[in-house]
Amino acid sequence: MSNDLFKVKFLNRNNGIIIGDSVLLKTTNGGVNWNRMEITSAHLKDVFILNDRISSIPCSNGRIIKSNDFWNTWSIQNTNLSENISRVFFSDTLNGKCISENGKVIKTTNGGITWSNISNLNLNKVNNAFFKNSNIIITIGDSGNVRFTSNGGVNWLNRNINRNVNLHSIYLDEDNKLYVSGDNGLILFSSNSGTSWEDQPTNLTSKINKIGFFDKNSGIAVSDAGEILLTSLGTIEIGTDHGLLSNYTATSDIYQSRNLSFTLNQNYPNPFNPKTQIKFTIAENTLVVLKVYDVLGKEVKTLVNESLERGNHIVYFDGTELASGIYFYKITAGNYVEQKQMLLIK
């Protein structure tokens, strides 16, 4: 493909689509083969799937492309807006809402045949929006603009991050924990719908294009420099297609209020070749020593020897220079001591 591609979405194991610059690709066999469908409208940057038949794509010049048979056929709907549509959401086959890049919020009650105005955010640029449902909607844009509504877009609250940075992705989880990402490696977290924000350290300078979660604890984010960020209970792990980048990354202090206990997890993967990760939790701020030993009890490597804040932590161990065999890793944190076994196979 010579076209820029923006999003991939699967309805189930076999049926999925990819949207891009004036192109839509469809697969019915899990991505083994893709059929290309030429779309005359540009700005195909998002797709909303309602059920196994109905899906919609917001596009340029106030238009929405809609299919009732999962893209065997489709039609173009006109919202009477002149600007690009940013996001579209349908709660059922008849009732839907969409937001334009200039912040106009409109709705339909007849499946998109006609659209009427709800409100106007009066923003120069809306980069993305998150629909938790038809009532709770959050938008983000340039210059740190964040807007929140709980009544379907009739009224909006200012939830700006108070810094001049462009925001690109947003996610609200089932516990109403809110995440936004943007330029310069920015990821922010809010536990109160954006009333206050806390930084999530990424140690990146690139733009974070997309952030999302598998469940309430485990999420992923990707940057325009090809970096992949993973989070589990607030612990940020950094990786690329060349392998792990960071040796050690501590948990975010967002999770310090959780009830924590001292634990040492089994390394993963295990067996490993040649790299593995070790996760542990400390219940209080204390000196932590984590070392690796061979079967004879000889120290192989010191992974951690410093005071750490309470929370969840992760360490990466590289056994490239070691021989295959059984090794032990032992943690000492205050009065807590525990040891586990791992297997290196080359």
Side-chain angles (χ1 to χ4, degrees), residues 6-7 9 19 43-48 56-64 79-91 95-108 112 115-184 186-198 200 207-213 219 221:
F6 302 124
K7 178 167 286 191
K9 202 161 203 177
I19 58 172
H43 189 71
L44 307 182
K45 292 190 176 182
D46 189 56
V47 59
F48 175 80
S56 300
I57 297 176
C59 53
S60 58
N61 300 321
R63 292 174 293 178
I64 295 174
T79 65
N80 296 319
L81 298 179
S82 58
E83 62 261 33
N84 297 336
I85 303 297
S86 177
R87 293 294 301 270
V88 63
F89 174 87
F90 278 85
S91 56
N95 296 283
K97 294 176 181 177
C98 69
I99 298 176
S100 74
E101 286 189 349
N102 293 343
K104 292 183 176 63
V105 187
I106 57 177
K107 69 177 181 178
T108 181
W115 295 81
S116 60
N117 181 65
I118 299 177
S119 59
N120 191 341
L121 296 175
N122 296 314
L123 296 175
N124 293 330
K125 186 71 178 298
V126 173
N127 294 329
N128 212 330
F130 186 93
F131 287 81
K132 184 173 184 180
N133 49 48
S134 185
N135 290 317
I136 299 177
I137 312 168
I138 305 166
T139 70
I140 57 173
D142 288 351
S143 304
N145 285 313
V146 181
R147 298 290 188 272
F148 173 87
T149 180
S150 59
N151 58 10
V154 177
N155 305 107
W156 292 85
L157 299 174
N158 185 332
R159 293 292 187 255
N160 293 353
I161 64 172
N162 296 319
R163 63 182 78 181
N164 188 22
V165 61
N166 297 336
L167 302 175
H168 303 287
S169 182
I170 185 168
Y171 187 86
L172 182 69
D173 75 4
E174 59 189 36
D175 295 329
N176 290 321
K177 293 186 294 187
L178 178 61
Y179 299 83
V180 297
S181 69
D183 293 341
N184 305 318
L186 178 72
I187 295 180
L188 296 176
F189 165 85
S190 176
S191 60
N192 49 24
S193 301
T195 302
S196 60
W197 296 93
E198 299 180 61
Q200 292 267 274
K207 179 174 71 175
I208 307 295
N209 284 320
K210 184 68 177 177
I211 186 170
F213 280 76

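Atoms considered below: every heavy atom in the structure, side chains included; atoms not considered: hydrogens, waters and symmetry mates.
- For Tyr179 and Phe213, the ring centers are positioned less than 6.0 Å apart.
- Taken from CG in Asn155 to CD1 in Ile118, the straight-line distance is 11.5 Å, to the nearest 0.5 Å.
- Nearest heavy-atom pair across Tyr171 and Gly212 is CD1-CA, 4.0 Å.
- Atoms NZ and CD1, on Lys104 and Ile99 in that order, are 12.5 Å from each other to the nearest 0.5 Å.
- Between Leu188 and Glu198 there is no side-chain heavy-atom pair separated by less than 4.5 Å.
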**Request:** Evaluate side-chain contact (heavy atoms from CB on, under 4.5 Å) for Leu81 paired with Trp115, printing each intermediate quantity in order.
**Result:** CA-CA 10 Å; Leu81 298 179; Trp115 295 81; over 6 Å; no
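- In this structure, CD1 on Ile138 lies 11.0 Å from CZ on Phe131, to the nearest 0.5 angstrom.
- Taking 4.5 Å as the limit, some side-chain heavy atom of Lys7 sits within range of a side-chain heavy atom of Asp46.
- Under 3.5 Å, the side chains of Asn166 and Lys207 contain no donor-acceptor pair of N or O atoms.
- Contact between Lys132 and Asp173 at its shortest, heavy atoms only, is NZ-O, 3.9 Å.
- Between the side chain of Ser181 and the backbone N or O of Ile211, no donor-acceptor pair lies under 3.5 Å.
- Counting only heavy atoms from C-beta outward, the side chains of Ile161 and Leu186 approach each other to under 4.5 Å.
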**Item:** Stepwise side-chain contact (heavy atoms from CB on, under 4.5 Å) check, Arg147 with Asn158
**Value:** CA-CA 5 Å; Arg147 298 290 188 272; Asn158 185 332; 3.7 Å; yes
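- In terms of heavy atoms, Ser196 sits closest to Ser190 at O-OG, 2.9 Å.
- Side-chain contact check for Asn133 and Asn135: no donor-acceptor pair (N or O, by modelled atom type) lies under 3.5 Å.
- Side-chain atoms of Trp197 and Val146, non-hydrogen and from C-beta on, do get closer than 4.5 Å to each other.
- Crowding of Lys97 atom NZ: a count of heavy atoms from other residues, nucleotides or ligands under 6.0 Å exceeding 12.
- Phe90 is listed as a side-chain neighbour of Thr108, based on a closest heavy-atom distance under 4.5 Å.
- Arg159 and Asn145 form no side-chain donor-acceptor contact under 3.5 Å, judged by distance and modelled atom types alone.
- A donor-acceptor contact shorter than 3.5 Å links the side chain of Asn120 to the backbone of Asn122.
- Side-chain N or O atoms of Thr149 include none that pairs as donor or acceptor with a backbone N or O of Ile137 at under 3.5 Å.
- The heavy-atom pair separating Glu83 from Glu101 by the smallest distance is CG-N, 4.4 Å.
- The only member of Asn127, Val126, Asn128 that meets side chain to side chain contact (heavy atoms under 4.5 Å, CB included) when paired with Arg87 is Asn128.
- The CG atom of Asn84 sits 8.5 Å away from atom SG of Cys59, with the distance rounded to the nearest 0.5 Å.
- Summarising the geometry, atom CG belonging to Leu123 is positioned 11.5 Å from atom CD1 belonging to Ile140; distances are rounded to the nearest 0.5 Å.
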**Message:** Run the side-chain contact (heavy atoms from CB on, under 4.5 Å) test on Leu178 and Phe148 for me, step by step, so that the C-alpha distance in whole Å, both residues' side-chain angles and the decisive distance to 0.1 Å come before the verdict.
**Reply:** CA-CA 11 Å; Leu178 178 61; Phe148 173 87; 6.0 Å; no
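- Rounded to the nearest 0.5 Å, atoms CZ (Phe6) and CD1 (Ile57) are 12.0 Å apart.
- In terms of heavy-atom proximity, Ser134 sits nearest to Phe89 at N-CE2, 3.6 Å.
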